[in-house]
Amino acid sequence: MKLNTGATIPVIGLGTWQSPDEECYSAVLSALHAGYRHIDTARIYQNEEAVGKAVAQYLKESGTSRDKLFITTKLWCSEVQDPEKALKESLKRLNLEYVDLYLMHWPVSMVNRGDLFPKTASGTTEIIPFDKWNYVETYKIMQKLYKAGLTKAIGISNFNIPKIDYLLAQSGVDVVPACLQVEIHPYLPQFDLVDYCTKKGILVECYSPLGSTGAPLLKDPALIKLGEKYGVSPACIAISWAVARDTIPLPKSVHEERIVSNLKVVDLANEDISLVDAVSKTTAKRLVKPEWGVDIFGDSAKL
Ligand code: A2P
């Protein structure tokens, strides 16, 4: 698909959240050999080095050039006040000169005490108040990193419509995010958010497209039935549904046979897309809801 920067983004990416180092290395290497051209990591996943080693190994083994791959990493909340330092450190761990996409991981600013989860004396997450620092300041610095070529595109993650609207309305915000990465699967289809982003020229990436840990969606009766109809797995139905919506699924696996099979997409008939669209009427859930004492997904809060 085309990003608003003019660059292309491969439509299925390998997710690496919860892929520990050793497993991550072989997962990424298997994925690249299987034909993936898009790998999604983040500072907080603590596997950027493994991703970088696998990418380097693959480029060496295959003779492919770096520009054929699309690598994303993300700015962590406790490093939002110095995105340049954070990105340079990520690039060093990844052993890359640039990433293809740098995302602000959350619309949350944590105090930097050299600790990824800074805590107050009472044990809660230490957040910087919105009026002292917020995602607008962070984003404005990220724009400079894009203009300097350290990343080929910038974007945001875990933002809802009011927060994107707020961000885009601020003076000095002159780069429309190329992507929004959020939790999306048939139990959380996010219809309004996807429509909104399409209108703004922001591509939507889906994390946890199979329902995250344990892939609960694979036990969903509607997906099982559709899988039987098309002769594919329920995972393939969930991934194909994301592709049919012009969104970018990022299925995570550390098992080679699953990694390979998650690249398969079938062309779903319109009536079958509608059947998957309707799944959330029976089961609706958001699976990733970190408790940092701030309102992240609420529609009224800026933070
Ligand atoms: P594993 O990494 O052990 O293969 P999501 O992409 O929604 O975050 O889902 C990730 C979860 O789904 C992980 O627990 C992953 O386990 C599992 N998984 C990924 N692909 C498949 C598949 N094709 N079939 C079954 N489980 C899968």
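All figures in this text were calculated on a predicted structure; none of them were measured in a lab. Just so it is clear, the values below take in all heavy atoms, side chains as well, and ignore hydrogens, waters and symmetry mates. Just so you know, ligand 1 is whichever comes first in the structure, and atom 1 is the first atom listed for that ligand.
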Measuring centre to centre across the rings, with the benzene-like ring taken for any Trp, is Tyr135 within less than 6.0 Å of Phe130?
yes

Compare Gly15, Ala215, Pro209, Cys206 and give the one whose heavy atom is closest to atom 12 (O) of ligand 1.
Ala215

So which of Asn158, Asp40, Thr41 actually passes side-chain hydrogen bond (donor to acceptor under 3.5 Å, both in side chains) with Lys74?
Asp40

Between Lys147 and Asp174, does at least one N-O distance fall below 4.0 Å, as a salt bridge requires?
yes

Presence of salt bridge, Lys225 and Asp272, under 4.0 angstrom
no

If you compare Lys264, His255, Arg258 by their heavy atoms, the one closest to atom 27 (C) of ligand 1 turns out to be Arg258

Quick test of your reading of the structure: of Glu23, Glu183, Lys252, Glu256, whose heavy atom lies closest to atom 10 (C) of ligand 1?
Lys252

Would Gly214 count as a contact of ligand 1 if the rule is a heavy atom under 4.0 Å away?
yes

Mode of Leu218 contact toward ligand 1 - side chain, backbone, both, neither (heavy atoms, under 4.0 Å):
side chain

Once you measure the plane-to-plane angle for Trp292 and Phe117, does it fall in the parallel (<30°), tilted (30-60°) or perpendicular (>60°) bin?
tilted

Among all residues two or more places apart in sequence or in another chain, which pass the salt bridge (Lys or Arg N to Asp or Glu O under 4.0 Å) test with Glu23?
none

Is it the side chain, the backbone, both or neither of Ala235 that has a heavy atom closer than 4.0 Å to ligand 1?
side chain

Under 4.0 Å from a heavy atom of Ser212: which atoms of ligand 1 are those, numbered in the order shown and with their elements?
5 (P), 7 (O), 8 (O), 9 (O), 10 (C), 11 (C)

Closest non-hydrogen protein atom to atom 23 (N) of ligand 1, residue and atom name please, with distance?
Asn262 OD1, 3.0 Å

N/O to N/O below 3.5 Å, does that happen between Pro251 and ligand 1?
no

Thr124 side chain to Thr120 side chain, donor-acceptor N/O pair below 3.5 angstrom
yes

